[in-house]
Amino acid sequence: GCVLVVSVIEQLAQWHNSTVKAAVERLCNYIPGKYQIIRHMLCCIDKEMNADVVCHSLKLCKQDPGQPLCHLYPPPKREKHSPGLFYAPAHAGQKWQIKIFTGFSSVCAFPLLANLCEKIKYVIRNKLPFEDFDGDKFSTFPTLRGYHWRGRDCDDKNTTMYPGRRPDNWDVNSDSNCNGIWGVDPKDGIPYEEKFCKGADSQGVVLLGDSAGAHFHIPPEWMTVTEMSAKSFANLPMAFTDELDWPQFSEITGFLNSTIGGWTDSLYLRLRQRNRCNHRDLQNISQNGMFFNFFFFKPYYLARNQLLDYPAIVIYATIGNDVCNGNRDTLAHMTTPKEMLSNVMQALRYLDTRLPNGSHVILTGLVDGRFLWDNLHDRYHPLGQLNRDVTYSQLYSFLNCLQVSPCSGWLTPNETLRNLTSERALQLSNVLKEIATSEKFANFDIFYMDFPLRQTAEEWRKMGGQPWQLIEPVDGFHPSQIAAALGTSITWRKALHEWPHVLGKENPFNHQIEAIFKDQGGH
């Protein structure tokens with residue numbers, strides 16, 4: 001964190017030909033008020049030094065005995081009689097400065113952010129909306145696991161009104177399932193919900209996934225000084241309270257027009273287009289940096305009542321986390337095929353007790369992450385674009401050294417290790433494939449599909465794009481917005497061709513529904 005912030009400050013000073021102090025002020029002025037903790041932490045840097053040197057001097061970065069020296073930039077030449085490789089003038093590490101800087105390792109210690117951090121800790125721990133007054137697991141608040149993650153509640157004071165339920169008395173008096181369709185047609189006295197949605201194969205979509213499914217994204221403009229302005233950080237509060245995830249633009253549950261590049265196309269949007277009665281029936285139960293097993297997927301997370309609610313399409317997509325970790329002995333910490341079988345079967349047996357009859361489960365195979373190194377390692381990271389001094393290979397090595405890499409097995413120059421990681425990913429995918437072929441459940445049928453990375457890359461090339469554009473530029477690991485949208489298209493075509501019954505039939509009343517909404521000035 002320190003190296004990132006100091007790098008940005010030094011590059012701002014260089015780009016605007018200013019002092020470091022002026023660059024700190026400039027950055028602080030870009031950032032929304034309560035997030036300006038940098039002003040308190042970095043007010044006293046007055047030397048333009050390599051970011052690694054600054055952070056080691058201030059004791060935020062350190063080299064433990066017997067551990068390698070972690071650095072993003074090439075180490076400076078060691079000066080004669082210097083006490084260490086990262087030597088800096090004594091005044092750069094004054095005690096009072098160090099005291100100020102130690103707050104960086106725990107931003108939640110700052111009073112202005114303490115309350116917000118507690119909220120974020122709650123939603124990370126529970127995967128449920130922080131603002132949910134009736135306890136039905138749906139919210140009218142967008143972030144903190146609110147309606148960016150689950151369909152928007154239409155009455156947060158009534159536990160019987162929420163997205164995905166079967167209509168109460170055909171919603172004559174109220175919109176019990178929050179799909180916007182309720183009341184009675186004055187022309188014939190038939191409830192709109194009955195007229196338009198009866199027998200329409202209504203169903204929701206639920207994602208059980210990892211950080212890729214949550215759509216993790218750090219905006220590159222946050223660290224690209226040539227593009228940086230106050231506008232660059234306007235989305236910081238929203239991103240922070242959504243855990244740096246953007247599920248509202250994601251491949252499975254996206255529903256808003258993308259503001260992070262590319263375009264939004266999702267399974268939810270296509271199901272809604274196919275049947276307007278599916279409006280708001282979505283749940284994204286994904287988690288950054290977790291092995292996806294039954295102990296992560298606790299029963300309380302899923303909002304589905306087997307008796308009262310519509311069936312759902314459940315996407316089980318942990319495309320990398322079972323082989324990805326930041327440990328140096330990464331192979332020893334990967335999920336084994338035996339563990340994968342046990343974890344997935346426990347989750348599926350639980351789903352069989354919660355999903356309404358007629359639901360569907362799609363198991364998605366793991367990605368072949370060799371694509372990442374092959375297409376990024378020699379390109380410049382956003383931090384290195386100004387001076388052409390930080391490649392993705394350097395970033396990966398820095399993160400591996402710190403043991404915080406999102407995937408030590410793939411983000412490495414070690415080709416043998418990359419191949420072994422892909423081999424394990426294939427073994428785990430084969431476990432999922434075997435489950436889909438051999439297992440039967442009472443309340444849902446089950447299918448398997450490979451993660452469509454190769455097809456996505458081929459389609460993007462035909463559109464004139466480059467493979468590296470399918471990867472998030474800041475972390476160099478997650479699928480980009482473009483990859484998410486193209487992946488939706490490929491998945492939809494496969495489903496239409498191989499499992500058309502899963503998607504339900506087209507609702508012949510869609511145009512009438514939209515026409516009524518338009519007449520009433522609604523959306």
Side-chain angles (χ1 to χ4, degrees), residues 138 142-143 145-152 163-164 178-180 201-217 238-239 242-243 245-287 303 310-319 359-364 367 447 449 451-453 455-456 459-460 463 470 472 478-497 499-500 502-504 506-507 510 514 523:
F138 295 92
T143 62
R145 292 277 167 164
Y147 68 76
H148 283 172
W149 299 81
R150 300 167 184 252
R152 184 171 182 164
C178 301
N179 68 357
D201 289 346
S202 296
Q203 59 185 339
V205 59
V206 178
L207 173 64
L208 310 178
D210 51 22
S211 54
H215 204 33
F216 185 86
H217 166 80
M238 181 184 72
D242 264 336
E243 306 158 48
D245 294 321
W246 308 73
Q248 68 273 32
F249 308 141
S250 65
E251 179 176 348
I252 303 300
T253 63
F255 62 94
L256 294 177
N257 292 330
S258 172
T259 60
I260 57 174
W263 64 97
T264 302
D265 190 3
S266 71
L267 179 60
Y268 162 74
L269 282 177
R270 294 202 175 214
L271 287 170
R272 182 189 182 281
Q273 183 181 35
R274 193 172 180 84
N275 179 5
R276 176 59 180 73
C277 300
N278 292 330
H279 183 54
R280 292 189 184 179
D281 195 355
L282 63 100
Q283 297 180 54
N284 190 318
I285 308 174
S286 298
Q287 169 76 23
Y310 280 122
I313 300 175
V314 177
I315 311 295
Y316 191 113
T318 59
I319 67 170
S359 294
H360 314 281
V361 173
I362 299 174
L363 306 178
T364 302
V367 70
F447 306 91
M449 68 172 292
F451 185 81
L453 179 60
Q455 300 97 310
T456 301
E459 289 209 7
W460 185 232
M463 296 169 67
L470 300 175
E472 277 293 321
H478 291 94
S480 69
Q481 184 66 34
I482 295 170
L486 288 175
T488 296
S489 176
I490 293 167
T491 300
W492 186 262
R493 290 201 303 266
K494 178 180 177 65
L496 278 178
H497 178 68
W499 330 305
V502 170
L503 306 177
E506 288 202 52
N507 190 329
N510 283 336
E514 295 296 347
H523 300 284

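Counting from 1, the numbers follow the sequence of the chain as shown.
The main-chain N or O of Gln283 is never found under 3.5 Å from a side-chain atom of Thr253 such that the two would form a donor-acceptor pair. No donor-acceptor distance shorter than 3.5 angstrom exists from the side chain of Thr318 to the backbone of Gly209, with no hydrogens or angles considered. Judged by distance alone, with hydrogens and angles left aside, the side-chain atoms of Asp210 form no donor-acceptor pair with the main-chain N or O of Ser286 at under 3.5 Å. Side-chain N or O atoms of Arg280 include one that pairs as donor or acceptor with a backbone N or O of Arg152 at under 3.5 Å. The backbone N or O of Asn179 lies less than 3.5 Å from a partner atom in the side chain of Arg276, making a donor-acceptor pair. Side-chain atoms of Glu506 do not come within 3.5 Å of backbone N or O of Asn275 as any donor-acceptor pair.
Taking each heavy atom of Pro142 and Asp242 in turn, the nearest pair found is O-OD1, 4.4 Å. When every heavy atom of Arg150 is checked against every heavy atom of Ile285, the shortest pair comes out as NH2-CG1, 4.1 Å. When every heavy atom of Ala212 is checked against every heavy atom of Ile319, the shortest pair comes out as CB-CD1, 3.5 Å. Annotation for Arg274 and Leu496: closest pair NH1-CD2, 3.9 Å, computed over non-hydrogen atoms. Minimum heavy-atom separation, Gln203 to Val502: NE2-O, 2.8 Å. In terms of heavy-atom proximity, Ser202 sits nearest to Pro311 at O-CD, 3.8 Å.
Using a 4.5 Å heavy-atom threshold, the side chains of His215 and Asp245 count as separate. Side-chain contact between His360 and Val314 is absent, with no heavy-atom pair separated by less than 4.5 Å. Counting heavy atoms from C-beta outward, Ile313 and Ile362 have side chains that approach closer than 4.5 Å. Between Thr491 and Glu251 there is a side-chain heavy-atom pair separated by less than 4.5 Å. Looking at heavy atoms from C-beta onward, Leu207 lies out of side-chain contact with Tyr316 at the 4.5 angstrom threshold. Contact of the Val205 side chain with the Asp281 side chain is not registered, since no non-hydrogen atoms from C-beta on lie closer than 4.5 Å. Contact annotation: the side chain of Trp460 approaches that of Leu486 to within less than 4.5 Å [non-hydrogen atoms, C-beta and beyond].
Here the straight-line distance linking atom OG1 of Thr143 with atom CH2 of Trp149 works out to 10.5 Å at 0.5 Å rounding. Summarising the geometry, atom CZ belonging to Phe451 is positioned 8.5 Å from atom OG1 belonging to Thr364; distances are rounded to the nearest 0.5 Å. Between the CG atom of Asn284 and the OG atom of Ser250 there is a distance of 5.0 Å, given to the nearest 0.5 Å. For the atom pair OG (Ser266) and CG (Leu282), the distance works out to 8.0 Å, reported to the nearest 0.5 Å. Note that the NE2 atom of His148 and the CE atom of Met238 stand 6.0 Å from one another [nearest 0.5 Å]. Atom CG in Asn278 sits 11.5 Å away from atom CG in Leu269 (nearest 0.5 Å).
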**OP:** Start with the C-alpha gap between Thr264 and Leu256, add the side-chain angles, then the distance that decides, and say whether side chain to side chain contact (heavy atoms under 4.5 Å, CB included) holds.
**Re:** CA-CA 7 Å; Thr264 302; Leu256 294 177; 5.8 Å; no

**OP:** Let me see the working for Phe447 and Lys494 under side chain to side chain contact (heavy atoms under 4.5 Å, CB included), right down to the final yes or no.
**Re:** CA-CA 12 Å; Phe447 306 91; Lys494 178 180 177 65; over 6 Å; no

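Of the listed residues (Gln481, His478, His217), just one forms a side chain to side chain donor-acceptor pair (under 3.5 Å) with Glu472, and that residue is His217.
Judged by distance alone, the side chains of Ser489 and Arg493 do bring a donor and an acceptor atom under 3.5 Å apart.
By the 30° and 60° cut-offs, the orientation of the rings of Phe255 relative to Tyr268 is perpendicular.
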